[in-house]
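Reminder, nothing fancy here: chain letters follow the sequence lines and each chain counts from 1. Side-chain atoms are counted along with the backbone in the values below, which use heavy atoms only and exclude waters and symmetry mates.
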Amino acid sequence: MDFLFSYIALAEVYVLLGLSTNLLVGIAGIFSVSQAAVFGVGAYIVAQCLMTETMGFVPAMLVASLACIALNVLVTLPSLRVSGDYFVVTSFGIQLLATAVFINWTQGTGGANGLPGIPPPDLFGFALESNLHLVMLTTVAVALGCLAFRLIMRAPFGRLLRAIREDELAVAAAGKGVLQAKVSAAALAGAFAGSAGGLYATFLSFIDPVSFDLDASILLLTMVVVGGARTLAGSIIGPFLLLALPQVLTFIDIPTTIAASARQLIYGVLLIAFMLFRPQGLAGEKL
Amino acid sequence: MFRSIRFGLALAAAGFLTLATASAETIKLGAILPLTGPGGLIGTQQQKGIQFALDHINAKGGVRGNKIEVVFEDNQAKPDQSILSFNKLVDLQSLPIIFTAYSGPSLAMAPLATRKKVLLVNAGAQADALAKASPFLINTLPTIGDEIAVLCQWLVKNGKKNAAILFENSAAGISGRDNYVTHFKAAGGTIVAQEPTQFGQTDFRPALLKLADAKPEVMLVSITAAAQQMAQQYKQLDLKFAVAGTTFLQDPALIADPAAEGFMHTQLQSQSPPALAAEFKQKYNAEMEFFVRQYYTASNILFAAMDKVLEEKKPITGENVRDAILKIKNFSGLVPVVFNSNTASVPFDLKVIRGGHDEQMVELKAQ
Amino acid sequence: MLLELSGLAAGYGPKTVVSGVSFALEPGQILAFLGHNGAGKTTTLRSIMGLLPLRAGEVRFDGQVLQRMSVADRVAMGLRLLPEGRGIFPDLSVAENIDVVAARNIGADAMFRVPDVYKLFPVLAERPGIRAGSLSGGQQQMLAMSLAILGKPRCLLLDEPSIGLAPNLVERMFQQVREVCKSHAMTAVLVEQNVAAAMKIADRVIIMNNGQIVFDGLPDEARASNFWHYF
Amino acid sequence: MLALQLLVNGLVTGSALGLVAISFSLIYSTTKIFHVAHAGVYTMAGYVAWSLASRGAPDIVTLAVTVAASMAMGAFIQHQLYARLERRRATPLVVLIASLGALAVMQNVIAAIYSPNILQFPVPWGSKMVVLGGVRLTWTQILTVIASLAAYGATIWFFHRTILGKQIRAVASNPFLAEITRLYPQRVYVIVVAIGSAIVALPGILVPLDLGLQPYSGVTPLLTATIAMIAGGIGSITGSFVIAIGIAVLQNLSLLVIPGEWSIGITFFIFVIFMLFRPTGLFAAAR
């Protein structure tokens, strides 16, 4: 059962990230490609807190979430000044800047070598070592995340975010707080990404910059797009499906000389096909 | 909505159904390698090395009559995919032994290996942390530090006291850099400058220029790719200092390039006899390169250890095979490999590139 | 009849904006097409040009049914639109604006060639190298008009041509429109907020409300009618 | 001396980067599509040229065929992918994701055919040295500068002196008016992507001629070029060309004062700050 548990635990971490990305990209219309950077900051903070034994798992998660809220608000600030493609490029820049920090700030992140030996999460003095316990932990986290997402979507705040995405000028003209709404969405997305980072670090017990680079950000985006933007179901299906894909693909017999590229190629084809024929993803709304 | 979720889950679940079922006389091993992505090139070489060794042992009837099979998993050199693959192989297929490569993924799997008593066999990565990561992680090659310590001593002894370091900003490159700094100073030399390059970038000119400005006598190199381009730019810029590196510089394209004339590098001894190399070439239409040889050798070490375990009428478990490796201690395949600990020591040479060939300078021994 | 609309309906997304719009215009006739904001005037013009698919009804031009024709083919037949507020290429110079449009639209039978528009609007000939976006509002509108008539226009659809113009300029420009229409037997549909000025040159008036025609008659009848409460 | 050599090195790298920036800027300012797959066209050009050169084709044939192949590929992507999406009224986000997919497909098809190894051009004259005022340059580097300046001049001439160039600018300036004055925007989009692809074929050949050929190396130059485009003002050919050279020179010269680990990070840091305070670019005309 360990495999199933570890798969579910990992997928659930990505569901949290999917919710975060969906909130920002799908719902608030802030097209960010730097969510993996925020995710990484959460992971490094929790890892450092636990490895230096500064604090326990729960306070560490809290610190990571708060830090990521602040960070995400900061990195989405440019979206208030620049729009559309400008922000995409800014966001690319932020992601690359973060990768440079992850690789080069050796004291904080262990540099390119990463941080091995992160202790397992502990709850009230009880260390969660087995995959079953970890799955229970991530499931609780995801359930909370989904509940929050659902409540927000139904609340007036959710409707305001939708309205901003449809027509920002009209909302601003109607005197609604566009700034406040965007900042709140970014803060919430930051909290999701930060806690996902903490869970990821303690689940893997090893983190390195590879997990938080531009490719990871694009993978996240792909998960949301394939699953379906703007819906809870989409944020759940995408991560589960895309994490399973490499496992499924190992069954397809491809000559080893081209296997290296052939599997990556399938991602590309999937992206194009979804955009052309089903831009709403498997269970989402039209982007 | 729920129907869509169920659809997604069903598709995901389909992935877990394993197709192969083991027959009684088949011993199955696992291999978690980067078969796709930027590490795919090296991963597929490693895969061929294992496959080549498998074909040989099975042609001979297997280990004590038991056929060997290896289940390959792709981790894209990513730690999280490695964990999934590890659990898949250990949990669903109960494989006792898994080949691994790359420092990050190996370090990520090490705690799991300890907990589940599964033997990890690394024949490619050389990061220092691997030596102490897990009692269940066997490294069939020394960590980079051993090679570098000896190289630095030789260089300082031969009058190269001021060194500049060119390193790749990646796990392997930085690990090499750190070792150069430690060991070159320990040997009595001075590091006058160090400069990074980005993995995948082939423009070394700015870094080379800056290093040259510090007037070193030797440039210590720790890059894992594009060594040929580095050599060409070194030549174009008319730089005069000596160049020295580790096994990473044992790259056929580099050695064949006239720009690399006079470059020195340590090299783990790993020759393939001409007949074997020819057979490999005929089978895979590729040269039997370093990583092919490494994983071929590692596979044979495992087969020998498994033979001993079976001889003693014990079951093939990670623990038993590891103990057998440490007990046998000396393996002679393509090269002599000695296990004084989890990490093997392998003799290595100092070579110099002359006229498109690697020439032996001295044989060195790790302390 | 040059331009004939019968039972036209069009809209955006789920919303049908205009329906049941029918009228027919002869060559040389000028129609003042009036109504408050959102009444469906621009929508009607856009569907005549083929920029918006028809939901129902038919558009005929010179006897031909237009539905299956591309925008470019309609332009080639002589249907021209002067779009509201964006009738020029702001990043190109005045001369480049005219050259680019001339290159595509002037054939052997052209009524207006490059020298003709410079003669019609001499102010454009004064500074041909200036960036069009930096012209004054009135000059921009003249340039837009030039671009709309280059080649062989037969029916001009003018969407708010007076926006941002000083009152005396509006008067002069409308007179020019009328002269051009009458001398070249060109039909014009004039969508305007400046109702008084538009009615002065119009041969016929249609008033729209909520996507439907509520008045269709002569300017004098319109003046006498009680439809003014729509404005 | 070091500073001079670094400066010259930056100028060479920058002039190649400048062409990437010009070509991307042309495409973006006209079609408003964030054509990430442009990096794939850039990479493809190098491989087409390599295939021809290694089969002994004369240099001029290699150049002509490569440019033609790039144009065809660019036109194909516009016509078969972007135009289709446009007809379905896809949002910019959908188009961007499809473009990312196209990039993944191109890179991996190349990697499957040619392997991910670094390939070296079999052109012996390319690495011959010239010493100019104490600065050492290869013929390839000199050729890169000459070709870039020539292509820059030709581009300026084409877009300001030919009727087709003016038409393209007209479409970029007001696509709606272009539609109703028979300038055929959809056709112009195909043409402009083809022209951009022809321009990017030059650095696509010249850079690997100097530094070797790899399937995944197109993204970094494209991102840097995008930054140059934005900083130089979207639509300004000269702006993007000059800023691209500026970025490369700065990255080279920055080695004199800061450790190389941080040079990329700092480029993006400056860019993000720039986006916050002057998002319209340095050369942008008042619009």
Taking heavy atoms only and a threshold strictly under 4.5 Å, list by residue number the residues of residues 92-117 of chain C that touch chain D; give 'none' if the list is empty.
-> C:L92, C:E96, C:D99, C:V100, C:V101, C:A103, C:R104, C:N105
Residue, of C:G87, C:G133, C:G50, that accumulates the most heavy atom pairs under 4.5 Å with chain D | C:G87
Atom CZ of D:F269 with >12 non-hydrogen neighbours under 6.0 angstrom = no
Verdict with reasoning, C:R86 to D:L177, per side-chain contact (heavy atoms from CB on, under 4.5 Å) = CA-CA 7 Å; C:R86 41 180 182 160; D:L177 182 61; over 6 Å; no
For residues 155-163 of chain C against chain D, heavy atoms under 4.5 Å, the residues are none
Using non-hydrogen atoms and a 4.5 Å limit, figure out which bit of C:A76 sits close to chain D: side chain, backbone, both or neither.
-> both
Please indicate whether C:R55 has more than 12 foreign heavy atoms, meaning atoms of other residues, nucleotides or ligands, lying under 6.0 Å from its CZ.
-> yes
Toward chain C, the part of D:A172 with a non-hydrogen atom under 4.5 Å | neither
Neighbour count >12 (heavy atoms, 6.0 Å) for atom NE2, D:H79 | no
Just wondering, more than 12 heavy atoms not from D:F76 lying within 6.0 Å of its CZ?
-> no
Considering all heavy atoms, the nearest C:L51-D:I180 contact | CD1-CG2, 4.0 Å
Give a yes or no on this: more than 12 heavy atoms of other residues, nucleotides or ligands lie within 6.0 Å of atom NZ of C:K119.
-> no
Which heavy atom in D:S173 sits nearest to a heavy atom in C:D91, and how many Å separate them?
-> OG-N, 3.0 Å
Pi-cation contact, C:F89 with D:R169 (under 6.0 Å, within 45°) | no
Student check: side-chain heavy atoms of D:T181 and C:V75 closer than 4.5 Å = no
